[in-house]
Amino acid sequence: MAIVGGSCRFGLWYVHVWWDGDVVHRVRFAETGIPGTVPAPVLQYCAGRPVDLSRMNSVALEHDSLFSRIYRSVRDVPYGATATYGAIASRCGTAPRVVGRAMAHNPTPLVIPCHRVVAARGIGGFSPSVEIKEALLAMEKKGKTRVKG
DNA sequence: TGCGAGAGCTATT
DNA sequence: AATAGCTCTCGCA
């Protein structure tokens with residue numbers, strides 16, 4: 001199956017998604033949109049519904065490197081919750097900075113919810129803008145509180 | 001190739 | 001406040 005791409009809005013940003021069947025190859029945030037559609041769960045997620053995006057597959061999980069293990073641990077962080085870099089690190093038997101590196105190179109944000117990984121003191125970083133991280137966390141907090149979507 | 005420094009951090013002096 | 005710890009990447013030779 002060929003890789004197809006598309007985008008949808010998230011607040012002031014656009015979410016670009018490239019996927020192939022049920023495997024997500026790449027997700028990124030941008031200021032402009034591109035033609036095409038995104039997987040339904042992503043669309044619902046961006047609309048504020050508490051969708052469990054961890055059910056989608058990501059290319060980041062296909063290998064068995066340390067990074068993949070980190071991504072799997074991060075993916076286990078549920079909607080509306082957060083974990084610290086240190087917590088993920090100890091779960092994978094590595095150091096917090098390594099988790100930071102893994103997050104920085106996360107090919108599929110949202111599917112691998114790297115925005116739910118925060119610093120022990122403070123929110124931590126996010127690329128391309130930490131505003132997105134804040135917005136995502138705020139949205140999830142709201143979405144979790146809301147009884148019905 | 002091969003070495004050194006620094007990254008979306010943290011716990012420990 | 002400074003530093004070591006861990007893995008990966010990039011720059012420079």
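Sequence lines set the chain letters: A, B, ... in the order given, protein chains first and strands last, and positions in each chain run from 1.
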Exercise for the section: Can you tell me the distance, in whole Å, between the CZ atom of A/Phe126 and the P atom of B/dC9? Expected result: 14 Å
Exercise for the section: May I ask you to say what A/Val130 touches in the nucleic acid, namely base, sugar-phosphate or nothing, with a heavy-atom cut-off under 4.0 Å? Expected result: nothing
Exercise for the section: Would you mind pulling out the nucleotide paired to B/dG6, Watson-Crick or G-U wobble, both distances under 3.5 Å? Expected result: C/dC8
Practice task
Dump the intermediate steps for salt bridge (charged side-chain N to carboxylate O under 4.0 Å, His left out) on A/Arg26 and A/Asp20, then the final yes or no.
Solution key: CA-CA 10 Å; A/Arg26 173 111 186 133; A/Asp20 171 6; over 6 Å; no
Handout entry: Rounded distance (Å) that lies between atom C1' of C/dC8 and atom OH of A/Tyr71
Key = 11 Å
Problem - Atom P, compared across B/dG4 and C/dA4: separation rounded to whole Å - result: 16 Å
Problem - Atom pair OH/OG1 of A/Tyr14 and A/Thr32 - distance to nearest 0.5 Å - result: 8.0 Å
Handout entry: d(CG, A/Leu66; P, C/dT9) in whole Å
Key = 11 Å
Exercise for the section: Can you spot which of A/Lys133, A/Arg116, A/Arg49 makes a salt bridge (Lys or Arg N to Asp or Glu O under 4.0 Å) with A/Glu140? Expected result: A/Arg116
Handout entry: Per A/Val98 side chain, nearest of listed nucleotides C/dC6, B/dG8, B/dT10
Key = C/dC6
Problem - Whole-angstrom distance between B/dG6 and C/dT3, as gauged at atom P - result: 13 Å
Handout entry: Gap between atoms CZ and C1', on A/Phe67 and B/dG8 respectively (whole Å)
Key = 12 Å
Exercise for the section: Please work out if A/Ala120 contacts a base, only the sugar-phosphate, or nothing of the nucleic acid, heavy-atom cut-off 4.0 Å. Expected result: sugar-phosphate
Completion exercise
Whole-Å distance, A/His105 NE2 to B/dG8 P, equals 7 Å
Fill in the blank from the handout: From the candidates B/dC9, C/dC6, B/dG8, the one with an atom nearest any side-chain atom of A/Ala104 is B/dG8
Handout entry: Spacing between A/Leu137 atom CG and B/dG8 atom C1', to the nearest angstrom
Key = 13 Å
Exercise for the section: Write down the distance between CE (A/Met103) and P (B/dC9), rounded to a whole number of angstrom. Expected result: 12 Å
Problem - Span that lies between the P atom of C/dC6 and that of B/dG2, in whole angstrom - result: 23 Å
Problem - Atom P, compared across C/dG11 and B/dG8: separation rounded to whole Å - result: 14 Å
Completion exercise
In this structure, OH of A/Tyr71 is separated from OG of A/Ser65 (nearest 0.5 Å) by 8.0 Å
Problem - Lys/Arg N to Asp/Glu carboxylate O, A/Asp52 vs A/Arg75, below 4.0 Å - result: no
Practice task
Would you mind reading off the distance between A/Arg97 atom CZ and B/dT12 atom C1', rounded to a whole angstrom?
Solution key: 16 Å
